[in-house]
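I have placed the structure first, in the form of structure tokens, so that the comments after it can refer back to it.
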Amino acid sequence: MTRKRGKANHFIGGKSLMSIKYGIKRLFKPLAEFMRKVTYKLMRNVICDLEETIRFSSGGNENDYLIPYQEGELIRVLFLFQAASFWPSWESFYLACKDDPRIRVEFTLLDELYGDTTQMLTAQQFLKEKGIAYTPYSDKLFCQFMPHITVMQTPYDFGHRRPHVRSAAFKKKGTRIIYIPYGIELSDTAHARDAHFLNAVVKNAWRVFTFSESIRADYRRYSTNYAAVKCLGHPKFDALYHKEQFSQLPEIAQRAKGRKILVWHVHFPKITPQPDGTGIMVTPELPVYLRFARYLASKQDEIFAVLLPHPKFLDGEGELGVHAKKLVDMLGEMENAYIDWSDDYRPTILHGDFLITDRSALMVEADVTGYPILFMANKDYYEPLTDAVQPIIDSYYQGLTTEDMIAFTEQCLRGEDPRKAERRAAFESHIPYFDGQSGQRIKEHVVNAIYAEQTGLDAARIAALEAEVAALNSRLDRLLEEHGQ
């Protein structure tokens, strides 16, 4: 008779070996988690050291071949448009180029839906509504136009574009790539640093333009192409400087009927990857917002709420998608609420009495309005922010719960705003170049850099020297502050 073999269930002191094994695993689990985090941090440090070595040994983002500029010809600039909601980051720079007699502009629409397409669906209609003439992009058009410069709108090569229109392909053709970040580099997590500073478009760019020297210092710290980064202000602040050009949406003006207007901006539910492979919610849990919506329904005589959702707000899966739809449906049925899905958010944020926002680039731009702002974070996780952004957000009212939202709203209804001066001081200290001229400055820099190439100067070398001088000046300023004049 053959005996079947099975798992032995040995006991020691009344306990099975299996239970002892699980007990040991539970005992050492915290240590294992700690070691995993330490290992991850060490790996990140090694990677950063390698990137720094590469940065200083490679001499910047040089290209063996650039489409040459010949003296007397127009500088040819191709704009590659894809996403309507990103338009404010280009607008003043595009207009400055279009109006400059030294520049020939070709404005193209990349009408190829690829990857994450939600923000691309309205691009063509947006251009028609704005009256912006465009040509559908094609490789044949590129070869005929031979642009000295190509302005790319999104940094996500692999998420938004096919191989033939990715930054590496354009760089190989000899065009100089310009990228102006469509948002503000606000998050300071490891994942965000990769997205901001190590994406392919930034790596392949001839120029990257950012809004403050503090952010530029982060590019120096993390980007292999730091020499390409310039701080001349951000075009999206130019239009906000001239905010009188934006009229209130007619339907909002008609329906508000003199009530206080709450502008409520919501990012899509944001889950950020963590070093251990898990994800964590950085925006508030949606039930917090659902409870606040019910409060708004009870204030019909006093408040008119305008919800300004991120274009991808309804793209969440599972419970996130269910709650997001429920919030939109609830507000859509309320007499004292309006949902603004339009691609241009500026007419809405500029015509309100107070504002509630969670994490997004809009939370920085909103400060130009001058009215009270509540920043909402997740009660279980406060997302670290960059040094350029944190002082601005710290000047806002802070919220984690529905009760915080209600308390802020009631304060605003009473006309109280004790942090107004603090907000103004933070904005003036951390948003340089707020003069409506950033697009013009960028355009002049581009023209002068192209002319410098034509005269035989090594633009890449000049850029590297400029970066070193700026760094030395910054270091000198710090030493003077520490040790006195």
Side-chain angles (χ1 to χ4, degrees), residues 33 116 118-119 183-184 186-192 195 262-299 303 305-334 336-341 345 349 354-364 366 372-386 389-390 392-394 396-412:
E33 292 289 336
D116 186 359
T118 300
Q119 291 169 279
I184 300 296
L186 56 95
S187 178
D188 197 29
T189 64
H191 175 74
L262 161 65
V263 178
W264 182 11
H265 174 256
V266 289
H267 194 272
F268 63 83
K270 176 74 173 178
I271 297 176
T272 295
Q274 297 300 294
D276 61 2
T278 62
I280 193 165
M281 187 89 155
V282 298
T283 49
E285 300 291 342
L286 290 178
V288 171
Y289 286 167
L290 289 169
R291 290 191 293 272
F292 182 65
R294 286 191 281 271
Y295 160 81
L296 290 175
S298 71
K299 306 291 284 187
I303 301 171
V306 181
L307 184 72
L308 194 61
H310 189 285
K312 296 168 63 176
F313 184 68
L314 294 175
D315 286 3
E317 298 179 353
E319 189 178 64
L320 292 178
V322 171
H323 284 323
K325 184 177 186 304
K326 187 175 181 180
L327 179 63
V328 169
D329 290 345
M330 184 184 302
L331 291 167
E333 294 172 359
M334 289 165 49
N336 65 325
Y338 176 84
I339 302 173
D340 182 7
W341 286 107
Y345 52 83
I349 69 165
F354 53 105
L355 183 142
I356 297 175
T357 182
D358 50 33
R359 56 94 62 213
S360 78
L362 189 59
M363 70 186 187
V364 179
I373 300 173
L374 173 69
F375 172 63
M376 288 295 294
N378 189 297
K379 66 181 180 62
D380 297 320
Y381 176 77
Y382 192 92
E383 182 180 23
L385 302 176
T386 57
V389 170
Q390 188 70 64
I392 298 171
I393 306 310
D394 286 345
Y396 296 171
Y397 301 98
Q398 307 292 312
L400 300 173
T401 65
T402 304
E403 290 69 30
D404 294 331
M405 300 175 79
I406 293 173
F408 169 77
T409 302
E410 294 290 338
Q411 174 181 284
C412 293

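What you see is a predicted model, and the numbers here were worked out from it, not measured in a lab.
Considering all non-hydrogen atoms of both residues, Ala297 and Asn336 come closest at CA-OD1, 4.5 Å. Contact between Leu331 and Ala293 at its shortest, heavy atoms only, is CD2-CB, 4.2 Å. Of all non-hydrogen atoms in Ala377 and Tyr382, the two that sit nearest each other are CB-CD1, 3.8 Å. Residues Leu296 and Ala305 approach most closely at CD1-CB, 3.8 Å, considering heavy atoms. The two atoms that bring Pro284 and Asp358 nearest to each other are CD-CB, 3.8 Å, heavy atoms only.
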- Query: Between Asp380 and Met281, is a side chain to side chain contact (heavy atoms under 4.5 Å, CB included) present by the stated rule, with each step listed?
  - Reply: CA-CA 8 Å; Asp380 297 320; Met281 187 89 155; over 6 Å; no

- Item | Intermediate values then yes/no, ring-ring contact (aromatic ring centres under 6.0 Å, His included), Tyr289 and Phe292 | CA-CA 5 Å; Tyr289 286 167; Phe292 182 65; 7.9 Å; no

- side chain to side chain contact (heavy atoms under 4.5 Å, CB included) between Leu262 and Leu355, intermediate numbers included: CA-CA 6 Å; Leu262 161 65; Leu355 183 142; 5.7 Å; no

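Checked against salt bridge (charged side-chain N to carboxylate O under 4.0 Å, His left out), Lys270 has no partners two or more places apart in sequence or in another chain. Asp329 is linked by a side-chain contact (heavy atoms from CB on, under 4.5 Å) to Lys325, counting only residues two or more places apart in sequence or in another chain.
Val306 has its side chain out of reach of Trp264: every pair of non-hydrogen atoms, C-beta onward, lies at least 4.5 Å apart. Between Ile280 and Ile271, every side-chain heavy-atom pair lies at or beyond the 4.5 Å cut-off. Between His323 and Pro287, some side-chain heavy-atom pair lies under the 4.5 Å cut-off. Proximity of Trp341 to Val328: side-chain heavy atoms (C-beta onward) are separated by under 4.5 Å at one or more points. By the 4.5 Å heavy-atom criterion applied to side chains, Leu320 and Phe268 are not counted as neighbours. At a threshold of 4.5 Å between non-hydrogen side-chain atoms, the residues Ser187 and Thr386 do not count as touching.
Rounded to the nearest 0.5 Å, atoms CG (Leu308) and CG (Asp340) are 5.5 Å apart. Between the CG atom in Asp394 and the CZ atom in Phe375 there is a gap of 9.5 Å [rounded to 0.5 Å]. Between His265 atom NE2 and His267 atom NE2 the span is 7.0 Å, to the nearest 0.5 Å. Atoms CD1 and CZ, on Ile373 and Phe354 in that order, are 12.5 Å from each other to the nearest 0.5 Å. Atom OG1 of residue Thr357 and atom CG of residue Leu374 lie 9.0 Å apart, to the nearest 0.5 angstrom. Taking CD of Glu285 as the reference point, atom CE of Met376 lies at 11.0 Å (rounded to 0.5 Å).
In Lys299, the NZ atom is crowded: over 12 heavy atoms of neighbouring residues, nucleotides or ligands sit closer than 6.0 Å. The environment of Glu410 atom CD is dense: over 12 non-hydrogen atoms of other residues, nucleotides or ligands sit within 6.0 angstrom.
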Donor-acceptor contacts under 3.5 Å from residues 396-409 side chains, at least two apart:
unit_1: Tyr396; atom_1: OH; unit_2: Met363; atom_2: O; d: 2.6
unit_1: Tyr397; atom_1: OH; unit_2: Asp417; atom_2: OD1; d: 2.6
unit_1: Tyr397; atom_1: OH; unit_2: Arg419; atom_2: N; d: 3.0
unit_1: Gln398; atom_1: NE2; unit_2: Ile393; atom_2: O; d: 2.7
unit_1: Gln398; atom_1: NE2; unit_2: Tyr396; atom_2: O; d: 3.0
unit_1: Thr401; atom_1: OG1; unit_2: Glu403; atom_2: N; d: 3.4
unit_1: Thr401; atom_1: OG1; unit_2: Glu403; atom_2: OE1; d: 3.4
unit_1: Thr401; atom_1: OG1; unit_2: Asp404; atom_2: N; d: 3.2
unit_1: Thr401; atom_1: OG1; unit_2: Asp404; atom_2: OD2; d: 3.2
unit_1: Thr402; atom_1: OG1; unit_2: Val288; atom_2: O; d: 2.8
unit_1: Thr402; atom_1: OG1; unit_2: Arg291; atom_2: NE; d: 3.4
unit_1: Asp404; atom_1: OD2; unit_2: Leu400; atom_2: N; d: 2.8
unit_1: Asp404; atom_1: OD2; unit_2: Thr401; atom_2: N; d: 3.1
unit_1: Thr409; atom_1: OG1; unit_2: Met405; atom_2: O; d: 2.8

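In this structure, the side chain of Asn378 engages the main chain of Thr283 through a donor-acceptor pair within 3.5 Å.
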